[in-house]
Amino acid sequence: MSRPTLFLLFLLASLLTGCFDLTEEYFFNADKSGRYVVTFDLSRMITMTGKTRQSFEKQRDSLIAIGAPLVIDSTFSLLAREPDSLRRLIRNPGLFSRSQGRILLDYNKKQMLVQTAFEFKNVAELQQMQREWQAYQHLKDSLKALHPAVESPPSDLPAGDDFQGMVSEELPELHYDGRKFSMHYRFSPGKSGSSDFSEIMSDESAFARNMLKSFKYNMAVHFPKDVKKASGEGFTVAGNTVSYKSNFFEMMKIKDKGLKVEVKLKK
């Protein structure tokens, strides 16, 4: 088997600590600019195993003991913690300056979110950002393989750096002119040539199927005007939002065909 992909590590870790939900959201403004947000909701991991639950409750009790807030909501620069030697290899640092990460921990609600957000001027810039971010992730993985870092102490709670990769290796084809929107998205997590997912999908056991089904996938596209018409299998419309809900097993089944949607907005 090839070197495990980042996403496969999510799967393996979740077998021990629970499940996560993944949401991709596009927020478009009237001038065609917008924001792309990827959210990993790890809240279910908190209660899935005794070890994780105990760790979370211990941290909560420690915050209560010192009178600290039970909600930690922090944002951070995606490149701030990288060494200069790596940052110098970024081809377009200006794009990265409009990107940020976010970690939300709510110890009362037992909520844990990790987000990555990209601000873009238009769809072309979004796609450029996605390509360059993906190339940056591949570069970072390659450098780690050549120069493995000293392992960090084990923790039940995830680090934000572990959830900053692009969702799919094959990026979506997007078009938006302010009135019409279209997307063709072949969901293909993991690096090209990896056999990890083909092995998981070829496993006929109920365990493998149920494992992938436990990982929920959501997509939502928010427009500045209400939607007049939308066509796309599995997509629903509510006001100015077109959305899609599924799981990783179903998404991998339709990987070659992909998701297709066409939207027309009201004047």
Side-chain angles (χ1 to χ4, degrees), residues 22-40 73-82 84 86-104 113-140 160-161 163-189 217-230 232 235 237-244 258-267:
L22 170 62
T23 299
E24 290 186 86
E25 289 186 277
Y26 298 83
F27 298 85
F28 285 104
N29 302 317
D31 63 356
K32 305 176 191 176
S33 67
R35 183 164 50 101
Y36 169 63
V37 182
V38 180
T39 302
F40 291 91
D73 191 351
S74 62
T75 58
F76 55 91
S77 168
L78 297 180
L79 299 180
R81 289 174 288 186
E82 301 291 2
D84 290 340
L86 180 58
R87 288 202 296 267
R88 282 196 292 267
L89 298 177
I90 302 300
R91 290 177 296 184
N92 196 331
L95 288 178
F96 285 82
S97 67
R98 287 187 271 120
S99 307
Q100 68 177 12
R102 178 194 180 205
I103 297 178
L104 170 65
L113 303 177
V114 179
Q115 288 184 332
T116 302
F118 301 127
E119 303 285 344
F120 58 88
K121 296 179 180 179
N122 49 48
V123 166
E125 187 179 73
L126 168 61
Q127 293 182 307
Q128 181 186 8
M129 178 71 238
Q130 289 177 326
R131 288 192 299 270
E132 296 202 12
W133 181 252
Q134 191 175 71
Y136 157 69
Q137 289 291 324
H138 291 174
L139 173 63
K140 192 162 73 167
D161 289 344
F163 293 84
Q164 290 180 15
M166 300 306 301
V167 174
S168 174
E169 181 70 15
E170 189 163 350
L171 300 175
E173 299 173 15
L174 298 170
H175 300 278
Y176 179 59
D177 63 5
R179 181 79 192 283
K180 294 181 180 180
F181 171 86
S182 66
M183 170 189 286
H184 186 197
Y185 188 18
R186 295 181 178 89
F187 189 78
S188 181
Y217 173 79
N218 307 296
M219 177 191 289
V221 186
H222 309 277
F223 298 100
K225 299 179 181 179
D226 284 349
V227 174
K228 179 179 181 179
K229 180 182 179 182
F235 284 86
V237 177
N240 68 333
T241 299
V242 175
S243 58
Y244 181 89
L259 298 177
K260 294 182 180 181
V261 63
E262 294 185 356
V263 179
K264 186 174 183 180
L265 304 182
K266 294 182 179 179
K267 292 183 179 180

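To the nearest 0.5 Å, the span separating CE on Met183 from CG on Leu259 amounts to 8.0 Å. One finds the CZ atom of Phe28 at 7.0 Å from the CG atom of Leu126 (value rounded to the nearest 0.5 Å). Taking CE of Met219 as the reference point, atom CG of Leu22 lies at 9.5 Å (rounded to 0.5 Å). In this structure, CG in Leu174 is found 9.5 Å from OH in Tyr185, a value given to the nearest 0.5 Å. A distance of 9.5 Å separates CZ of Phe181 from NE2 of His175, quoted to the nearest 0.5 Å. Within the model, atoms OG1 of Thr39 and CD of Gln115 stand 3.5 Å from one another, a figure rounded to the nearest 0.5 Å.
Minimum heavy-atom separation, Ser99 to Met129: OG-SD, 3.8 Å. Closest heavy-atom contact between Lys32 and Gly178: CE-N, 4.0 Å. In this structure, Lys266 and Lys225 approach most closely via the heavy-atom pair O-CD, 3.2 Å. Looking at every heavy atom in both residues, Ala117 comes nearest to Val37 through CB-CG2, 4.1 Å. The two residues Val263 and Ala230 make their nearest non-hydrogen contact at CG2-CB, 4.1 Å.
Within the structure, salt bridge (charged side-chain N to carboxylate O under 4.0 Å, His left out) pairs that include any residue of residues 175-186 comprise Glu170-Arg186, Glu173-Arg186 (at least two apart or interchain).
Proximity of Ser33 to Glu125: side-chain heavy atoms (C-beta onward) are nowhere separated by under 4.5 Å. At a threshold of 4.5 Å between non-hydrogen side-chain atoms, the residues Thr116 and Tyr36 do not count as touching. At least one side-chain heavy atom of Val242 sits under 4.5 Å from a side-chain heavy atom of Phe223. Put simply, the side chain of Phe235 does not reach to within 4.5 Å of the side chain of Val221, judged on heavy atoms. When side chains are defined from C-beta on, Leu265 counts as touching Val227, because their heavy atoms get closer than 4.5 Å.
The backbone N or O of Ala124 sits less than 3.5 Å from a side-chain atom of Asn122, completing a donor-acceptor pair.
Two rings, from Phe27 and Phe120, have their centers 6.0 Å or more apart. Taking the centre of each ring, Phe187 and Tyr217 come in below the 6.0 Å mark. If you look at Tyr176 and Tyr26, their ring centroids are not closer than 6.0 Å.
Side-chain contact, Ser182 with Glu262: no donor N or O sits under 3.5 Å from an acceptor N or O.
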